[in-house]
Trainee: 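So that we are looking at the same thing, I have put the structure below in structure tokens.
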Amino acid sequence: MTRIRLHNTKTRTKEDFAPIDPANVRMYVCGPTVYDRAHLGNARPVIVFDVLFRLLRHAYGADHVTYVRNFTDVDDKINATAQARKDAGDPRTLEELIRERTDETIRWYHEDMGALGNLTPTHEPRATDYIGQMIAMIAGLIAGGHAYEKEGHVLFRVRSCKDYGALSGRSVDDMIAGARVEVAPFKEDPMDFVLWKPSPDDLPGWESPWGRGRPGWHIECSAMSHELLGDSFDIHGGGIDLQFPHHENEIAQSMCAHPEASFAKVWMHNEMLQVEGRKMSKSLGNFFTVRDLLDQGVPGEVIRFVFLSTHYSKPMDWTEEKAKQAEATLRKWRALVAGHTAAEVPARQLVDYLGDDLNTAGALAALHEIARSGDAGLLLSSAGLLGLLTPELGGWEAVAESEDYSDALSEVVSRWVSARAARDYVTADQIKARMHALGYEMKVTPDGVKVEIGHFALLEHLPRSRSDSAQVSPFEEGQPAMAAAQSSLVPKLRAILEVLK
RNA sequence: GGCGGGUUGGCGGAGAGGUUACGCAGCGGAUUGCAAAUCCGUGUAGACCGGUUCGAUUCCGGUACCCGCCUCCA
């Protein structure tokens, strides 16, 4: 049996993981609000919990793990986008436009997360499909004295939950002292939070015992996890920024609604993402989406590798340097496993690393050692547990070769070959150095001369926009960005030939 | 103000109270016209100050600095 230990935010200790029901291990992870493309930070919990999902499937069997990740499709920003389309003259109803916006965002999310090698969860519930369950849960909370109705709002009575604040290590009194809470006249206590609020006629709303309205943010996860996973389940995950108030409120709602149950046993939180040492934000100008990166030609597998190289409980810094190293490593590994089939099982050492609170950095070190030993089959089966070296994520590692695209390149190469043949090493080395400066590597192999240029080197030659960000398009053979980068290299190659004359 | 995370060799990044993390880069060697690739070898680093200990980078306390959350932003 695979031993799994996980750090539980609730107890602040690393605990042996023992599922409530080994025949059905259950995990809930907070998913995205579907108003726009997922940014790079959104990918972190997805990758972290995808690895946990894979590990649990390995340990308990693929058919014995249920993974739920929700889509929040009730949100002001979604409404705003839909309203903007309506204002622009779209004749459809607001409801239709909202549905269109959330549908397209979900489709993008699936594309982008799939490109990073993530499995699709067992269930991906949308909040709007569970309004009935939310209303029922809210009604139960009112009946139990844990919530109250005021001016069309239903509020959760924080004081009715004696453990409120236990997850995040806060007390209600301390938080009120901090006085950063919204003061609303209809609240009994400043910390009370909204379960249901009225909705104006021109915005989405649902009929309820408290009038037409919509649910508060937190109740959806309580209602959907209960519906799909039951009163008590094994793991609840999400970003550390959700620890308070979202998860604290989820616990309060669920525990008060189902006091006989234990809700989530283990709480796991991933730390946040940074970019080049700084918080990713629009104001700093370092904000980008997963799609931006993919379109610039950074392979999804490279992105995944970089994420896995830092333990989930630490802030992860995305840097271009890391991406380059990851690309080089993966290129090497992919060359090693090409044509081999995976071994039956992953390496024990790698499973042990993952079982130790998802030590993915340690797991990558194990892969390095397996690679050095030359055991391609074991490397494949082991990397597969991390979602790496899979067929779906492959293909990017193919390198462009001379005859593929440019006469100028072929000419430079033939000059190099003839200089070498003539033992004119001064000229040969000069050509090589100039080519190297452009990002090309020329190599003598048993099969003849090979010319290679990596994605990042090619990226350097992309036409730049005014913001100095690379223009986007997939970096594949025959794709516009590839062609643009290559054609911008041609004059530079001609310049080399010019010098040689 | 409250709560939480971090600080490891040139860079990235783990584990372990005392024995090589690992990767990249660097250096030395093999091979190569030179390279590339590959292979072999090579690095007493642990923010600062105390304490516990035979021994701490690893445990405890404090200081400094960085970061996150407390505002439906993962």
Side-chain angles (χ1 to χ4, degrees), chain A residues 9 12 29-33 35 38-49 72 74-77 165 167-171 173-182 191 193-194 197 215-218 220 237-246 248-249 269-274 277-282 287 305-306 308-311 313-317 319 321-322 324-326 328-329 332 335-336 352-353 356 359-369 371-372 374 416 419-421 423-426 428-430 432-433 435-436 440-446 449-452:
Chain A
T9 311
R12 286 157 220 282
V29 174
C30 290
T33 301
Y35 68 97
H39 65 244
L40 191 62
N42 290 309
R44 192 157 192 210
V46 179
I47 292 172
V48 166
F49 292 105
T72 299
V74 180
D75 177 74
D76 287 337
K77 288 186 287 292
L167 178 71
S168 51
R170 302 152 196 252
S171 77
D173 293 322
D174 285 349
M175 286 185 278
I176 292 172
R180 285 254 202 132
V181 288
E182 181 193 356
M191 291 309 296
F193 57 89
V194 170
K197 58 185 170 186
W217 175 38
H218 315 296
E220 66 174 78
I240 189 71
D241 57 326
L242 294 179
Q243 185 187 20
F244 187 88
H246 183 56
E248 197 71 61
N249 292 352
H269 292 97
N270 61 275
E271 255 291 348
M272 311 304 274
L273 173 105
Q274 298 186 322
R278 314 197 63 177
K279 177 188 169 82
M280 181 168 80
S281 74
K282 288 177 177 165
F287 181 95
F305 188 106
V306 171
L308 295 177
S309 68
T310 299
H311 191 259
S313 66
K314 289 191 172 187
M316 196 213 85
D317 196 14
T319 66
E321 180 59 29
K322 284 185 182 177
K324 286 179 182 173
Q325 283 196 14
T329 301
K332 201 158 78 175
L336 179 64
D352 287 346
Y353 271 124
D356 183 12
N359 185 355
T360 50
L364 290 178
L367 291 184
H368 276 292
E369 289 179 23
R372 196 172 49 181
W416 182 59
R420 291 181 78 245
R423 296 192 168 269
D424 178 4
Y425 295 123
V426 174
D429 289 352
Q430 192 184 34
K432 176 190 267 295
M435 290 292 278
H436 183 78
Y440 287 105
E441 296 297 341
M442 296 190 294
K443 304 172 182 178
V444 181
T445 75
V449 175
K450 283 247 190 314
V451 183
E452 297 181 348

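Letters A, B, ... mirror the listed sequences (proteins, then strands); counts begin at 1. Everything quoted here is computed from the prediction, not taken from an experiment.
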Trainee: Could you state the atom-to-atom distance from CZ of Phe244(A) to P of G1(B) in whole Å?
Mentor: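 It is 19 Å, rounded to the nearest whole Å.
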Trainee: Just to be sure I understand the rule, does Gly41(A) reach a base, reach only the sugar-phosphate, or reach nothing, if contact means heavy atoms closer than 4.0 Å?
Mentor: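 Result for Gly41(A) = base.
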Trainee: Measuring only the C1' atom in each nucleotide, how far is G28(B) from G62(B)? A whole number of Å is fine.
Mentor: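 Roughly 45 Å separates the two C1' atoms.
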Trainee: Evaluate the side-chain hydrogen bond (donor to acceptor under 3.5 Å, both in side chains) criterion for residues Gln243(A) and Ser168(A): first the C-alpha distance (whole Å), next the side-chain angles of each, then the deciding distance (0.1 Å), finally the verdict.
Mentor: CA-CA 6 Å; Gln243(A) 185 187 20; Ser168(A) 51; 5.6 Å; no
Trainee: Rounded to whole Å, how long is the line connecting atom CG of Asp75(A) with atom P of A74(B)?
Mentor: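 From Asp75(A) CG to A74(B) P: 9 Å.
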Trainee: Rounded to whole Å, how long is the line connecting atom CZ of Arg44(A) with atom C1' of A74(B)?
Mentor: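 The distance from CZ of Arg44(A) to C1' of A74(B) comes to 11 Å, rounded to the nearest Å.
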Trainee: Looking at Arg12(A), I want to see if its CZ is surrounded by more than 12 non-hydrogen atoms of other residues, nucleotides or ligands under 6.0 Å.
Mentor: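 Atom CZ in Arg12(A) is crowded, with more than 12 foreign heavy atoms closer than 6.0 Å.
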Trainee: Rounding to an integer number of angstrom, what distance separates A36(B) and A45(B) when you compare their C1' atoms?
Mentor: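 Those two atoms are separated by 32 Å.
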Trainee: A21(B), A74(B), C24(B): which one has an atom nearest the side-chain heavy atoms of Asn42(A)?
Mentor: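 The answer is A74(B).
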Trainee: Considering only atom C1', compute the distance from G46(B) to U38(B) and round it to an integer number of Å.
Mentor: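 Result for the C1' pair: 33 Å, nearest Å.
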Trainee: Given atom CG of Asp76(A) and atom P of U71(B), what is their separation to the nearest angstrom?
Mentor: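 Taking atom P of U71(B) as the reference, CG of Asp76(A) is at 17 Å.
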Trainee: Given atom CD of Gln243(A) and atom P of G2(B), what is their separation to the nearest angstrom?
Mentor: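 Between P of G2(B) and CD of Gln243(A): 17 Å.
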Trainee: Relative to the 5' end of RNA chain B, which residue comes earlier, Lys77(A) or Leu364(A), by the nucleotide with the nearest heavy atom?
Mentor: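 Here Leu364(A) is the residue nearer the 5' end.
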Trainee: In whole angstrom, give me the gap between the C1' atoms of G13(B) and G4(B).
Mentor: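 Pairwise C1' distance, G13(B) against G4(B), rounds to 22 Å.
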Trainee: side-chain hydrogen bond (donor to acceptor under 3.5 Å, both in side chains) with Asp76(A): which residues, sequence neighbours excluded?
Mentor: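 In terms of side-chain hydrogen bond (donor to acceptor under 3.5 Å, both in side chains), with neighbours along the sequence ignored, Asp76(A) is linked to Arg214(A).
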Trainee: Output a table of nitrogen or oxygen pairs between the protein and nucleotides 30-36 of chain B separated by less than 3.5 Å.
Mentor:
{"from": "G33(B)", "atom 1": "N7", "to": "Arg420(A)", "atom 2": "NH2", "distance (Å)": "3.4"}
{"from": "G33(B)", "atom 1": "O6", "to": "Arg420(A)", "atom 2": "NE", "distance (Å)": "3.1"}
{"from": "G33(B)", "atom 1": "N1", "to": "Asp429(A)", "atom 2": "OD1", "distance (Å)": "3.0"}
{"from": "G33(B)", "atom 1": "N2", "to": "Asp429(A)", "atom 2": "OD1", "distance (Å)": "3.3"}
{"from": "G33(B)", "atom 1": "N2", "to": "Asp429(A)", "atom 2": "OD2", "distance (Å)": "2.7"}
{"from": "C34(B)", "atom 1": "O2", "to": "Asp429(A)", "atom 2": "OD1", "distance (Å)": "3.2"}
{"from": "A35(B)", "atom 1": "N1", "to": "Val444(A)", "atom 2": "N", "distance (Å)": "3.2"}
{"from": "A35(B)", "atom 1": "N3", "to": "Lys432(A)", "atom 2": "NZ", "distance (Å)": "3.2"}
{"from": "A36(B)", "atom 1": "O2'", "to": "Lys443(A)", "atom 2": "NZ", "distance (Å)": "3.4"}

Trainee: Using modelled atom types only, decide if a donor and an acceptor are shared between the side chain of Arg44(A) and the backbone of Met272(A) within a distance under 3.5 Å.
Mentor: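 Yes: the side chain of Arg44(A) pairs with the backbone of Met272(A).
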Trainee: Only counting residues at least two apart or in another chain, list the ones meeting ring-ring contact (aromatic ring centres under 6.0 Å, His included) with His218(A).
Mentor: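 In terms of ring-ring contact (aromatic ring centres under 6.0 Å, His included), with neighbours along the sequence ignored, His218(A) is linked to Phe193(A), His246(A).
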Trainee: Just by distance, do the side chain of Gln274(A) and the backbone of Met316(A) share a donor-acceptor pair under 3.5 Å?
Mentor: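 Flag not set: sc Gln274(A) to bb Met316(A) has no pair under 3.5 Å.
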Trainee: Taking atom C1' in both C24(B) and U32(B), what distance in whole Å separates the two?
Mentor: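 It comes out at 23 Å once rounded to the nearest Å.
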Trainee: What integer number of Å spans the P atoms of U20(B) and G5(B)?
Mentor: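 So the two P atoms sit 31 Å from each other.
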Trainee: Measure from CD on Glu369(A) to C1' on C22(B) and round the result to the nearest Å.
Mentor: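 So the CD-C1' distance, Glu369(A) to C22(B), works out to 6 Å.
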Trainee: Just checking Gln274(A): base, sugar-phosphate only, or nothing, at a heavy-atom cut-off of under 4.0 Å?
Mentor: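 Sugar-phosphate, backbone atoms only, no base.
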Trainee: Can you tell me the distance, in whole Å, between the NE2 atom of His269(A) and the C1' atom of G68(B)?
Mentor: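 Taking atom C1' of G68(B) as the reference, NE2 of His269(A) is at 13 Å.
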Trainee: If we take the P atom in both U63(B) and G26(B), what is their distance in whole Å?
Mentor: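 Per the computed distance, 43 Å lies between those P atoms.
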Trainee: Would you kindly compare Pro245(A) and Ala371(A) by the position of their nearest RNA chain B nucleotide and give the one closer to the 5′ end?
Mentor: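 Going by which nucleotide is closer to the 5' end, it is Ala371(A).
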Trainee: So does Ala371(A) get a backbone contact from the side chain of Lys332(A), meaning a donor-acceptor N/O pair under 3.5 Å?
Mentor: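 Looks like no, no N/O pair under 3.5 Å.
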Trainee: Roughly how far, to the nearest 0.5 Å, is CZ of Arg420(A) from CG of Asp429(A)?
Mentor: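 One finds 9.0 Å between CG of Asp429(A) and CZ of Arg420(A).
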Trainee: Is there a donor in the side chain of Ser313(A) and an acceptor in the side chain of Glu271(A), or the other way round, less than 3.5 Å apart?
Mentor: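 There is no such pair between these side chains.
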Trainee: When the distance from CZ of Arg372(A) to P of C39(B) is rounded to whole Å, what number comes out?
Mentor: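 From Arg372(A) CZ to C39(B) P: 9 Å.
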Trainee: What does Leu273(A) touch in the nucleic acid at a heavy-atom separation under 4.0 angstrom: a base, only the sugar-phosphate, or nothing?
Mentor: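 Result for Leu273(A) = base.
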Trainee: Which whole number of Å gives the distance between the C1' atom of C22(B) and that of U42(B)?
Mentor: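 Those two atoms are separated by 16 Å.
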Trainee: Using Watson-Crick pairs (N1 to N3, plus N6-O4 or O6-N4) and G-U wobble pairs, both distances under 3.5 Å, which stems of at least 3 pairs involve RNA chain B?
Mentor: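 Paired runs of 3+ in RNA chain B: B:1-7 with B:64-70, B:10-12 with B:22-24, B:26-30 with B:38-42, B:47-51 with B:59-63.
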Trainee: Carefully, step by step, assess Thr319(A) and Lys324(A) under the rule side-chain contact (heavy atoms from CB on, under 4.5 Å).
Mentor: CA-CA 9 Å; Thr319(A) 66; Lys324(A) 286 179 182 173; over 6 Å; no
Trainee: Between NZ of Lys322(A) and CZ of Phe305(A), what distance do you get to the nearest 0.5 Å?
Mentor: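 Interatomic distance, Lys322(A) NZ to Phe305(A) CZ, rounded to 0.5 Å: 11.0 Å.
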Trainee: For Thr72(A), check side-chain hydrogen bond (donor to acceptor under 3.5 Å, both in side chains) against everything at least two apart and list the hits.
Mentor: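 Thr72(A) satisfies side-chain hydrogen bond (donor to acceptor under 3.5 Å, both in side chains) with Asn70(A), Glu220(A) only.
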Trainee: Quick one: which protein N/O atoms are closer than 3.5 Å to N/O atoms of nucleotides 5-15 of chain B? Pair and distance per line, please.
Mentor:
{"from": "U7(B)", "atom 1": "OP1", "to": "Lys314(A)", "atom 2": "NZ", "distance (Å)": "2.9"}
{"from": "G12(B)", "atom 1": "O3'", "to": "Lys322(A)", "atom 2": "NZ", "distance (Å)": "3.4"}
{"from": "G13(B)", "atom 1": "OP1", "to": "Lys322(A)", "atom 2": "NZ", "distance (Å)": "3.1"}
{"from": "G13(B)", "atom 1": "O3'", "to": "Ser309(A)", "atom 2": "O", "distance (Å)": "3.4"}
{"from": "A14(B)", "atom 1": "OP1", "to": "His311(A)", "atom 2": "N", "distance (Å)": "2.8"}
{"from": "A14(B)", "atom 1": "OP2", "to": "Lys314(A)", "atom 2": "NZ", "distance (Å)": "3.4"}
{"from": "A14(B)", "atom 1": "O2'", "to": "Asn359(A)", "atom 2": "ND2", "distance (Å)": "3.1"}

Trainee: Using the side chain to side chain contact (heavy atoms under 4.5 Å, CB included) rule, pick out the option among Leu364(A), Thr360(A), Thr329(A) that qualifies with Ser309(A).
Mentor: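 For Ser309(A), the side chain to side chain contact (heavy atoms under 4.5 Å, CB included) check succeeds only for Leu364(A).
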